[in-house]
Amino acid sequence: MGISGLLPLLKSIQVNKHLSDFEGQTLAVDAYVWLHRGVYAYAYVWLHRGVYACATDLATGKKTTKYVDYAMHRVRLLRHHKIQPYVVLDGGPLPAKKGTETERRQRRAENLAKANALAAQGKHSQAREFYVKCVDVTPQMAYQFIKALRTEGVQYVVAPYEADAQMAYLERIGLVDGIITEDSDLLVFGCRKVLFKLDSVSSTITSISRVDFGSVTAAEGGISLLGWTDSQFRAMAILSGCDYLPSIPGVGLKTAWSLLRKHRTVEQLVRALRLEGKKPVPKGYLEAYRLAEKVFLHQRVYCPLEEKLVSLTEVPAQDVMDAETEAYIGR
DNA sequence: TGCTAGTACTCAG
DNA sequence: GTACTAGCA
């Protein structure tokens, strides 16, 4: 779910750009977004055409590779504007995210069961609603996409775990100039240039740059990020709730922002909240916070230069990493 | 005022 | 994954 409410909060530094502005650059592409949209779109269209047969196959997109056309169309669009795409695919599930994953899988299975039941009763329009809710990108679909990428000589990499961390690494070591995604998490991973909402009709895209964070103003009830370090920004995001750690109940982005301004460090902040007793800080929160922070900092990624697994950012020598932590961030 | 949880959406000749 | 918003403390 990314960081809820982060993009609206950064509205004032969002810049609309044309793809031609990126001519000559290499941009990492979050493959999952394009595949999911492709699958969803075509599942949606078929269901509205009344193609209910083989509903399971429909939901998983097995019988077609139309979704690849959608993704490849966008790959070609980038190339048309002389942008070199560097497609990044998700790898295995990260232990830190296992809870979210199983929850989602379960919901999809429930929706599929509901859809099948409704379809059996002849209630097709109601069934459609639930079929659409169980579309998912399978590894088989990703493989179909990879085959198309190979055919057209497009650079790609499969991340050992999450594409987010992999893309952040590619940008950090200078293999790409920016990242195309729909996920606000990339900003928390410390990316410098993140591009959202690619519109293939107008060839436009919304850009958010790390260097502009200082221009985020406190006007109109917003927050000011002037002077905020990457570390502080990351703390705010994690405190507000992220994929690796739910928030302290009642704490969103703005509350996290003002709490951090007041207490400076997360340790002091948590201590203060527990003393006040107004918000229920879960037991072991601080430890869980440290783990979540490590996932954003040191998640395992693949280095195409060294051809081996490395940490997104180097783990400081004094930072002892026990086996449990290692398992959490990927090994 | 800000957080939560719900709904609607993802295509495109 | 996102955006939007009614309802709540």
Side-chain angles (χ1 to χ4, degrees), chain A residues 1-11 14 29-49 51 58-59 61 64-74 76-77 88-90 97 100-101 103-105 107-108 111 125-126 128-137 141 162-165 167 179-189 194-206 208 218-223 236-237 239-244 246-261 273 276 278-280:
Chain A
M1 40 169 194
I3 306 300
S4 183
L6 183 56
L7 295 187
L9 215 56
L10 300 177
K11 188 88 188 163
Q14 293 184 21
V29 170
D30 191 341
Y32 179 83
V33 174
W34 291 1
L35 282 173
H36 189 262
R37 290 198 169 188
V39 175
Y40 183 93
Y42 285 100
Y44 194 81
V45 167
W46 293 329
L47 289 166
H48 274 83
R49 280 184 192 151
V51 186
L58 257 184
T64 180
T65 53
K66 280 280 183 189
Y67 52 87
V68 174
D69 298 344
Y70 173 84
M72 287 309 291
H73 179 260
R74 296 186 164 224
R76 293 185 199 112
L77 178 67
V88 181
L89 298 107
D90 280 295
K97 238 175 150 176
T100 326
E101 289 290 327
E103 199 177 295
R104 274 181 196 158
R105 209 185 349 260
R107 262 218 305 279
R108 275 197 293 267
N111 285 326
S125 67
Q126 288 179 60
R128 190 163 55 207
E129 194 182 314
F130 288 100
Y131 277 134
V132 162
K133 282 182 181 165
C134 48
V135 293
D136 185 24
V137 177
M141 294 182 200
E162 295 186 294
D164 298 10
M167 294 191 289
I179 289 147
I180 299 178
T181 183
E182 297 299 328
D183 187 348
S184 56
D185 268 345
L186 273 297
L187 295 164
V188 188
F189 274 106
V194 189
L195 308 168
F196 300 91
K197 303 178 182 72
L198 171 62
D199 184 328
S200 64
V201 177
S202 59
S203 291
T204 53
I205 202 160
T206 302
I208 295 183
E220 292 166 44
I223 61 171
M236 177 182 75
L239 284 169
S240 81
C242 64
D243 285 350
Y244 317 122
S247 74
I248 297 162
V251 176
L253 273 174
K254 295 197 177 177
T255 309
W257 176 78
S258 38
L259 284 173
L260 274 170
R261 245 165 64 125
L273 282 186
E276 281 173 26
K278 282 182 189 165
K279 293 192 192 297

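Atoms considered below: every heavy atom in the structure, side chains included; atoms not considered: hydrogens, waters and symmetry mates. Below, chain A is the first sequence line, B the second, and so on; all start at residue 1.
Remark: A/Ser184 is not in phosphate contact with C/dG1, judged by side-chain N or O atoms under 4.0 Å from OP1 or OP2. Checking the phosphate oxygens (OP1, OP2) of C/dA3, a side-chain nitrogen or oxygen of A/Lys197 falls inside 4.0 Å. Not one side-chain nitrogen or oxygen of A/Lys279 sits closer than 4.0 Å to the OP1 or OP2 atom of C/dA9. Between A/Tyr70 and B/dC11, a side-chain N or O to OP1/OP2 separation shorter than 4.0 Å is present.
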Could you list the protein-to-nucleotides 4-9 of chain B atom pairs, N/O on both sides, closer than 3.5 Å?
from: B/dT4; atom 1: OP1; to: A/Gly250; atom 2: N; distance (Å): 2.9

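Regarding A/Ile3, its CD1 atom lies at a distance of 9 Å from the P atom of C/dT2, rounded to whole Å. Atom CG of A/Leu35 is separated from atom C1' of B/dC11 by 15 Å (rounded to the nearest Å). A straight line from NZ of A/Lys278 to P of B/dC3 spans 16 Å, rounded to a whole angstrom. One interatomic measurement links the two molecules: CG of A/Leu7 to C1' of C/dG1, which rounds to 10 Å at whole-angstrom precision. In this structure, A/Leu9 atom CG and C/dT2 atom P are separated by 13 Å, rounded to whole Å. Rounded to an integer number of Å, the gap from A/Met72 CE to B/dA12 C1' is 19 Å. Atom CE of A/Met1 and atom C1' of B/dC3 are 14 Å apart (whole Å). The separation between A/Arg37 atom CZ and C/dG1 atom P is 13 Å, rounded to whole Å.
In this structure, A/Asp164 and A/Thr181 have side chains that are not in contact, with every pair of non-hydrogen atoms separated by 4.5 Å or more.
Residues passing the side-chain hydrogen bond (donor to acceptor under 3.5 Å, both in side chains) test with A/Tyr32: none are found, sequence neighbours excluded. Residues satisfying the ring-ring contact (aromatic ring centres under 6.0 Å, His included) test with A/Phe130, not counting sequence neighbours, are none.
When heavy atoms are screened at a 4.0 angstrom cut-off, A/Tyr32 is found touching no nucleic acid atom at all. Nucleic acid contact class of A/Asp69 (heavy atoms, under 4.0 Å, all strands): none.
Heavy atoms of other residues, nucleotides or ligands lying less than 6.0 angstrom from NZ of A/Lys66 number 12 at most.
Listed nucleotides B/dC3, B/dA12, C/dG1 differ in distance to A/Tyr42; the shortest reach to its side chain belongs to B/dA12. Ranking B/dC11, B/dG2, C/dG1 by closeness to the A/Thr255 side chain, first place goes to B/dG2.
Of the residues near DNA chain B, A/His73 and A/Lys254, the one whose nearest nucleotide (by heavy atom distance) lies more toward the 5' end is A/Lys254.
Within the model, atoms CG of A/Asp199 and CG of A/Leu77 stand 9.5 Å from one another, a figure rounded to the nearest 0.5 Å. In this structure, A/Lys254 NZ and A/Leu259 CG are separated by 14.0 Å, a value rounded to the nearest 0.5 Å.
Here the closest non-hydrogen pair linking A/Leu89 and A/Ala31 is CG-CB, 3.8 Å.
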